[in-house]
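Everything below concerns the one structure shown next.
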Amino acid sequence: MILCSEHTGKYTYPLLCISESLSLILWVEDPSQIKYSSGVRRGKNDRVDARMIARYAEIHRDKLRKYIPTDRQIHKLKELESQRELFVVDRAKYKAQLKDHKGFMHPDDYLDKNKRLVFLIESLDKVITQIEEQIQRIINSSPILTNQMQLLTSIEGIGNKVALKVILESDCFSRFKNARQFACHAGVAPFEYSSGK
């Protein structure tokens with residue numbers, strides 16, 4: 001029996017556990033593939049989505065690919081990078097409030113708010129540093145990840161964060177069959193959209 005699902009990020013893990021316990025083949029498909037193959041849709045809810053996914057699986061059986069979870073280290077890095085990005089966004093928000101609110105508040109009120117914001121920013125700085133150190137430890141513990149980071153950062157204009165993003169998006173360069181597929185995923189492959197010629 002086959003269990004077909006849209007890729008749902010971290011929510012895929014419970015599906016993997018269920019499919020393994022019931023000896024099912026788990027097929028995790030890109031949501032855009034399912035969406036664009038289903039024609040015009042009216043309304044959206046879980047029941048409609050389940051039928052659409054089932055119809056997709058029935059029609060496109062030839063595209064079946066058994067889901068193989070990413071390497072444990074890559075999965076851990078993805079989780080850490082996701083947390084880091086969340087905290088970086090929060091820190092930027094608090095830093096902006098430090099500047100933006102100064103001229104629009106009573107000085108005493110601003111001073112109280114400033115103390116709280118500085119405390120939050122310093123706390124986030126510490127957490128972000130801890131996450132980045134943990135990411136670096138994981139990379140250093142893997143010869144493959146270390147090598148890929150070194151190769152990517154040797155390219156002019158690519159630093160550690162972009163290199164890590166490339167490695168994670170490509171699952172250590174195993175997710176895509178060729179450079180064109182990766183370029184399409186990244187949104188930098190050119191396609192012509194024209195009509196009426």
Side-chain angles (χ1 to χ4, degrees), residues 5-18 20 26 28 30-32 67-176 179 181-189:
S5 163
E6 291 180 331
H7 196 284
T8 55
K10 67 176 75 176
Y11 302 113
T12 303
Y13 180 72
L15 281 177
L16 179 63
C17 295
I18 290 168
E20 285 178 351
L26 178 60
V28 179
D30 184 338
S32 60
Y67 177 71
I68 299 169
T70 56
D71 178 73
R72 177 77 180 106
Q73 286 181 317
I74 295 295
H75 181 74
K76 181 71 173 169
L77 285 172
K78 284 182 180 181
E79 285 290 325
L80 289 168
E81 182 60 17
S82 175
Q83 290 174 30
R84 193 192 74 77
E85 287 177 7
L86 178 73
F87 294 138
V88 166
V89 168
D90 285 348
R91 182 179 62 183
K93 180 176 60 179
Y94 297 137
K95 283 182 176 180
Q97 285 186 26
L98 273 178
K99 295 176 186 172
D100 293 347
H101 293 190
K102 187 172 187 177
F104 298 97
M105 297 176 74
H106 188 278
D108 292 338
D109 296 339
Y110 176 75
L111 192 60
D112 289 341
K113 184 173 187 175
N114 186 57
K115 287 178 186 174
R116 288 189 295 270
L117 289 174
V118 167
F119 175 76
L120 283 171
I121 291 166
E122 288 173 354
S123 299
L124 286 169
D125 282 339
K126 289 177 187 173
V127 171
I128 291 167
T129 300
Q130 289 172 353
I131 290 172
E132 288 173 346
E133 288 170 355
Q134 192 173 358
I135 287 171
Q136 195 58 52
R137 280 195 300 273
I138 293 170
I139 291 168
N140 292 342
S141 71
S142 166
I144 293 170
L145 289 171
T146 302
N147 184 46
Q148 289 182 352
M149 284 293 285
Q150 287 172 348
L151 288 171
L152 285 167
T153 54
S154 71
I155 300 168
E156 190 174 335
I158 295 184
N160 287 336
K161 289 180 178 58
V162 172
L164 180 62
K165 190 74 170 169
V166 169
I167 289 169
L168 296 181
E169 285 295 317
S170 67
D171 288 336
C172 277
F173 296 94
S174 65
R175 182 174 172 193
F176 304 102
Q181 286 183 352
F182 182 65
C184 288
H185 176 77
V188 296

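In this text, all values refer to a predicted model and were calculated from it rather than measured experimentally.
Counting only distance, with no hydrogens or angles, the side chain of Arg91 and the backbone of Asp125 share no donor-acceptor pair below 3.5 Å. Ser82 places no side-chain N or O within 3.5 Å of a backbone atom of Lys78 that could act as its donor or acceptor partner. With hydrogens and angles ignored, the 3.5 Å screen pairs no side-chain donor or acceptor of Thr153 with any backbone N or O of Gly159.
Under the 4.5 Å side-chain criterion, counting only non-hydrogen atoms from C-beta, Ile131 is not in contact with Glu85. Contact annotation: the side chain of Leu145 approaches that of Leu77 to within less than 4.5 Å [non-hydrogen atoms, C-beta and beyond]. Phe182 places none of its side-chain heavy atoms less than 4.5 Å from the side chain of Val188. Put simply, the side chain of Thr129 does not reach to within 4.5 Å of the side chain of Lys126, judged on heavy atoms. Looking at Val28 and Leu15, their side chains never come closer than 4.5 Å, going by heavy atoms from C-beta outward. A heavy-atom distance below 4.5 Å is not found between the side chains of Leu26 and Ile18. Two residues are said to be in side-chain contact when any heavy atoms from C-beta on lie closer than 4.5 Å; Phe173 and Ile144 fail this criterion. Within the 4.5 Å cutoff, side-chain heavy atoms of Arg137 are placed close to those of Gln134.
Atom OG in Ser141 sits 4.5 Å away from atom CD in Gln73 (nearest 0.5 Å). The OG atom of Ser170 sits 7.5 Å away from atom CD1 of Ile74, with the distance rounded to the nearest 0.5 Å. With rounding to the nearest 0.5 Å, the separation of NE2 in His75 from CG in Leu80 is 10.0 Å. Going from atom CD of Gln136 over to atom CD of Glu133 covers 9.5 Å, rounded to the nearest 0.5 Å. A distance of 8.5 Å separates NZ of Lys161 from CD1 of Ile135, quoted to the nearest 0.5 Å.
When all heavy atoms of Leu151 and Ser154 are compared, the closest pair comes out as O-OG, 2.6 Å. Closest of all the heavy-atom pairs between Pro31 and His7 is CG-O, 3.7 Å. Here the closest heavy-atom approach between residue Phe87 and residue Leu124 is recorded as CD2-CD2, 3.7 Å. Closest approach of Met149 to Leu164, counting heavy atoms only: SD-N, 3.8 Å.
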List the atom pairs, donor and acceptor, that lie under 3.5 Å between side-chain atoms in residues 113-122 and the rest of the protein, sequence neighbours left out.
{"unit_1": "Lys113", "atom_1": "NZ", "unit_2": "His101", "atom_2": "ND1", "d": "2.4"}

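The pair Glu132-Arg84 meets the salt-bridge criterion, with a side-chain N (NZ, NE, NH1 or NH2) lying under 4.0 Å from an Asp/Glu carboxylate O.
Gln181 is linked by a side-chain contact (heavy atoms from CB on, under 4.5 Å) to Phe176, Lys177, Asn178, counting only residues two or more places apart in sequence or in another chain.
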